[in-house]
**Student:** 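One structure, pasted below without further comment.
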Amino acid sequence: MELFISDLDGTLLNSNKEISVYSKKVLNNLINEGINFTVATARTPATVIDILKDLSIKLPVILMNGVIIYDINEKRYINIESVERSLVQDILKVFEKNNKSPLVYGINDDELYVYYKEFVYEVEKDFYKERCHSPYKTFLKVDEYIESTKASKIINFIAYDKLEVIKNIYDELSKLEGITVDYYEEIYRKGWYYLDAYSSKASKANGIKFLSRYVQTDKVICFGDNLNDIPMFKVSDESYAVNNANDVLKDMATAVIEGNNDDAVAKFIEKRVRESLE
């Protein structure tokens with residue numbers, strides 16, 4: 001049985017950050033017919049629950065690049081890969097050295113918290129405004145991180161800035177053992193860069209392995225557009241890059257399909273399923 005896994009932003013979502021009506025209809029029909037479909041994304045439950053509310057996904061989803069395996073129907077964390085407490089301090093020292101206040105994500109009693117000090121740029125303020133009213137995520141302004149976060153399992157560090165700042169932080173964090181660090185240009189805000197740091201035990205690849213055991217699949221087919229999809233592409237049996245994808249991912253892909261504004265994922269899966277029945 002095949003397992004289809006799609007990234008969200010830049011892949012299943014169009015440029016309006018939505019799943020089109022057409023894609024929803026096609027995917028829901030296919031899911032109701034019995035195909036295994038889920039998503040793997042850097043997003044948290046807070047935004048994913050709303051984005052996927054009209055999809056009949058029955059499987060757990062891979063969130064925050066594999067840090068979390070989450071059941072969106074039961075609103076339950078199935079698996080969490082947290083960062084070691086001693087490593088949290090080392091990570092925060094790097095941000096402090098670079099005069100950057102990150103968003104620090106933590107889970108306490110199955111509740112997701114985002115700790116922050118300040119927002120300097122509009123891109124940071126917009127990120128906050130888009131998410132601060134979610135019932136599935138609580139933002140907490142703090143004076144300092146260590147004491148404020150000690151009751152939580154720390155799972156993620158996020159920062160937005162220009163390339164020079166992000167690259168400096170990336171280079172220093174990459175020297176630490178026990179974490180994975182990614183950075184790439186924001187697809188919705190060109191010229192700004194997004195950095196993501198989390199436990200090295202977590203990845204979209206490990207999330208796929210977890211789900212493969214969960215559904216006992218014998219083939220994984222994935223879809224993506226950006227560099228954080230590389231681990232997922234490496235462990236999948238087949239991998240497809242949308243035509244708006246990063247060139248590195250296109251070079252790795254089994255093939256390049258239509259773009260995220262063309263319902264590429266839904267069209268591909270529908271064609272694949274229909275051809276298998278002929």
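Just so we're clear, the structure is a prediction, and the values are computed from it rather than from any experiment. Along the sequence shown, residues carry numbers from 1.
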**Student:** Look only at the side chain of N261 and the backbone of S15, and say whether a donor-acceptor pair between them is shorter than 3.5 Å.
**Tutor:** yes

**Student:** Counting neighbours of CD on E84 that are heavy atoms of other residues, nucleotides or ligands and sit closer than 6.0 Å, is the number greater than 12?
**Tutor:** no

**Student:** Can you check whether I68's main-chain N or O pairs, donor with acceptor, with E81's side chain at less than 3.5 Å?
**Tutor:** no

**Student:** Check I57 against V61 and note the closest heavy-atom contact, atom names and distance.
**Tutor:**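 I57 and V61 have their closest heavy atoms at CG2-CG1, 4.4 Å.
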
**Student:** I want to know whether Y128 and Y116 have ring centres closer than 6.0 Å.
**Tutor:**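 Centroid distance Y128-Y116: below 6.0 Å, so yes.
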
**Student:** Please determine whether side chain to side chain contact (heavy atoms under 4.5 Å, CB included) holds for the pair E238 and R272, giving the CA-CA distance in whole Å, both sets of side-chain angles, and the decisive distance to 0.1 Å.
**Tutor:** CA-CA 12 Å; E238 296 177 28; R272 174 83 166 228; 2.7 Å; yes

**Student:** Return the orientation label for the Y70 and Y77 ring planes: parallel under 30°, perpendicular over 60°, tilted otherwise.
**Tutor:**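 Y70 vs Y77 ring planes: perpendicular.
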
**Student:** Does atom NZ of K75 have more than 12 heavy-atom neighbours, drawn from other residues, nucleotides or ligands, at distances under 6.0 Å?
**Tutor:** yes

**Student:** Should the pair K17-D9 be classified as a salt bridge under the 4.0 Å nitrogen-to-oxygen rule?
**Tutor:** no

**Student:** Is it true that R43 and E130 have a side-chain N and a carboxylate O under 4.0 angstrom from each other?
**Tutor:** no

**Student:** Whether the S20 and N14 side chains hold a donor-acceptor pair (N or O, under 3.5 Å, no angle test) is what I'd like checked.
**Tutor:** no

**Student:** Can you confirm if the aromatic rings of Y194 and Y183 lie within a centre distance of less than 6.0 Å?
**Tutor:** no

**Student:** Decide yes or no for F210 and P60: does some side-chain heavy atom of the first lie under 4.5 Å from some side-chain heavy atom of the second?
**Tutor:**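 F210 does not reach P60 side chain to side chain.
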
**Student:** As an exercise, state the distance from NZ of K153 to CG of D109, rounded to the nearest 0.5 Å.
**Tutor:** 10.0 Å

**Student:** Is R274 salt-bridged to E33, cutoff N-O under 4.0 Å?
**Tutor:** yes

**Student:** Specify the closest pair of heavy atoms between G10 and V242, including all atoms of both residues, with the distance to one decimal.
**Tutor:**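 Distance-wise, the nearest heavy atoms are O-CG2, 3.4 Å.
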
**Student:** Tell me whether K25 at atom NZ has more than 12 heavy atoms from other residues, nucleotides or ligands lying less than 6.0 Å away.
**Tutor:**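 It does not: K25 NZ has 12 such atoms or fewer within range.
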
**Student:** With a sphere of 6.0 Å drawn around NZ of K141, does it hold more than 12 non-hydrogen atoms of other residues, nucleotides or ligands?
**Tutor:**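 Atom NZ in K141 is crowded, with more than 12 foreign heavy atoms closer than 6.0 Å.
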
**Student:** Can you check whether V39 reaches D7 side chain to side chain, under 4.5 Å on heavy atoms?
**Tutor:**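 No; the side chains remain at least 4.5 Å from each other.
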
**Student:** Considering only heavy atoms from C-beta outward, does the side chain of I31 approach that of N29 to under 4.5 Å?
**Tutor:** no

**Student:** Out of the candidates E164, E118, E124, only one should pair with K100 under the salt bridge (Lys or Arg N to Asp or Glu O under 4.0 Å) rule; please name it.
**Tutor:** E124

**Student:** For the CG atom of N206 and the OG atom of S200, what is their distance to the nearest 0.5 Å?
**Tutor:**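 The CG atom of N206 sits 9.5 Å away from the OG atom of S200.
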
**Student:** Counting C-beta onward and ignoring hydrogens, is there a side-chain heavy-atom pair between I269 and F37 closer than 4.5 Å?
**Tutor:** yes

**Student:** Please check if the number of heavy atoms outside K250 that lie under 6.0 Å from its NZ is greater than 12.
**Tutor:** yes

**Student:** Does a sphere of radius 6.0 Å around CG in N32 hold more than 12 heavy atoms from other residues, nucleotides or ligands, not counting ones at 6.0 Å or beyond?
**Tutor:** yes

**Student:** So Y214 and I69, do their side chains get closer than 4.5 Å, heavy atoms only?
**Tutor:** no

**Student:** Quick one: does N260's side chain get under 4.5 Å of D225's, heavy atoms only?
**Tutor:**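 No, side chains not in contact.
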
**Student:** Parallel, tilted or perpendicular: which one describes the rings of F223 and F4, with boundaries at 30° and 60°?
**Tutor:**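 Parallel, since the angle between the ring planes stays under 30°.
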
**Student:** Would you mind telling me which of T180, L195, N168 makes a side-chain contact (heavy atoms from CB on, under 4.5 Å) with L173?
**Tutor:** L195

**Student:** What are the two closest non-hydrogen atoms of A197 and N156, and how far apart are they?
**Tutor:** O-OD1, 2.8 Å

**Student:** Please report the interatomic distance CG(L8) to CD1(I19), rounded to the nearest 0.5 Å.
**Tutor:** 6.5 Å

**Student:** Is the closest basic N to carboxylate O distance between E172 and K167 below 4.0 Å?
**Tutor:** no

**Student:** So, K267 and D262, do they make that salt bridge, N to O below 4.0 Å?
**Tutor:**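 Looking at K267 and D262, the cut-off is not met.
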
**Student:** Nearest 0.5 Å please: distance from the CG atom of D218 over to the OG atom of S212.
**Tutor:**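 Going from CG on D218 over to OG on S212, the span is 9.5 Å.
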
**Student:** Charged N to carboxylate O below 4.0 Å: is that the case for E96 and K117?
**Tutor:** no

**Student:** Under a 4.5 Å cut-off applied to non-hydrogen side-chain atoms, are T44 and Y105 in contact?
**Tutor:**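 Sidechains of Y105 and T44: in contact.
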
**Student:** Does K162 NZ have over 12 foreign heavy atoms under 6.0 Å away?
**Tutor:** yes

**Student:** Please determine which of F127, F119, Y193 meets the ring-ring contact (aromatic ring centres under 6.0 Å, His included) test together with Y160.
**Tutor:**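 Looking at F127, F119, Y193, the match for Y160 under the ring-ring contact (aromatic ring centres under 6.0 Å, His included) is F127.
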
**Student:** So which heavy atom on S56 is nearest to which on N28, and how close?
**Tutor:** N-OD1, 2.7 Å

**Student:** Can you tell me how far the CG atom of L12 sits from the NZ atom of K24, to the nearest 0.5 Å?
**Tutor:** 10.0 Å

**Student:** Looking only at heavy atoms, which two atoms of G259 and A264 are closest? And how far apart?
**Tutor:** O-CB, 3.3 Å

**Student:** Looking only at heavy atoms, which two atoms of F95 and A159 are closest? And how far apart?
**Tutor:**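 What the structure gives for the nearest pair is CE2-CB, 3.8 Å.
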
**Student:** Side chains of I221 and D237: does their closest heavy-atom pair fall under 4.5 Å?
**Tutor:** no

**Student:** Just to verify, which of I179, L103, V88 counts as forming a side-chain contact (heavy atoms from CB on, under 4.5 Å) with F157?
**Tutor:** V88

**Student:** Look at the rings of W192 and Y121 and say which category their plane angle falls in: under 30° parallel, 30 to 60° tilted, over 60° perpendicular.
**Tutor:** tilted

**Student:** Measuring from F233:CZ to C222:SG, what's the distance to the nearest 0.5 Å?
**Tutor:**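 One finds 4.5 Å between CZ of F233 and SG of C222.
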
